[in-house]
Amino acid sequence: MNRREGSTLTLALRMLAPWLAVGVFWLGFGNAWLAILTYHAQILLWSRGRLPGLCWPKRDRIAWLIAPAAMAGPALWLLLPYITRTDLGGWLAEHGLSGASMVAMAVYFGLVHPLLEQVHWTPLREATPIAHVAFAGYHMLVLASLLTVPWLAVCFVILTGASVAWQKMTRRTGSVWVAVASHVAADAGIVLVAWLVR
């Protein structure tokens, strides 16, 4: 195998990390914690401690880049009764998220997960535009049993767009921190809504 093929294989395996974790542990075992921790373990394995662009942003006026992501939680709050095909609380419980487990996941998913995802996907986005689709696509595995098909398509488009936006943020500011802050704003809002209405 030549160097280019090896590089392509490595790239594909890195993009498949969440697909494998979600496919085995979320879909197979119905365990959200095993799915996310397996995914994050793969991120740490592939990154080998190399954290891309963890320096202070070059530009000062960055709040407008983060603000749109903060609307994810309120938007979900308003749309939830119209986009789900099953009860959210029951769906979360089926995947081991209730009581203290849900509280712990809210904190972990809202704060730790965004950083690790940006560490993982930032170099992949620069390597290939397919990374945007791979990023959005694995979320569909998670959401397939919760959302109606039209809203799955909407979420896919939104997540693909978010991935592109995070790439542009990172390029523009010279730092991954703005993308991380945006990601935290989105994920924390979403998981807070899930915790409140479960």
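Closest approach of Leu76 to Ile83, counting heavy atoms only: CD1-CD1, 4.1 Å. Here the closest non-hydrogen pair linking Met140 and Leu152 is SD-O, 3.3 Å.
Between the side chains of Glu117 and His40, not a single donor N or O lies within less than 3.5 Å of an accepting N or O.
Pairs passing the salt bridge (Lys or Arg N to Asp or Glu O under 4.0 Å) check and including a residue from residues 120-145, sequence neighbours excluded, read Glu126-Arg171.
Considering only residues two or more places apart in sequence or on other chains, Phe135 meets the ring-ring contact (aromatic ring centres under 6.0 Å, His included) condition with Trp121, His139, Trp166. Listed by chain and number, the residues in a side-chain contact (heavy atoms from CB on, under 4.5 Å) with Ile158 are Val154 (sequence neighbours excluded). In this view, Glu94 satisfies the salt bridge (Lys or Arg N to Asp or Glu O under 4.0 Å) rule with no residue, not counting sequence neighbours. Residues passing the ring-ring contact (aromatic ring centres under 6.0 Å, His included) test with Trp33, sequence neighbours excluded: Tyr108. Residues that satisfy the side-chain contact (heavy atoms from CB on, under 4.5 Å) test with Val22, not counting sequence neighbours, are Trp26, Tyr138, Leu141, Val142.
Atom CD1 of Ile130 has 12 or fewer heavy atoms from other residues, nucleotides or ligands within 6.0 Å.
The side-chain contact (heavy atoms from CB on, under 4.5 Å) with Leu80 is formed by just one residue from the set Val197, Leu147, Leu146; it is Val197.
The hydrophobic cluster containing Val133 also contains Tyr39, counting ILVMFWY residues as joined when their side-chain heavy atoms lie under 4.5 angstrom apart, directly or transitively.
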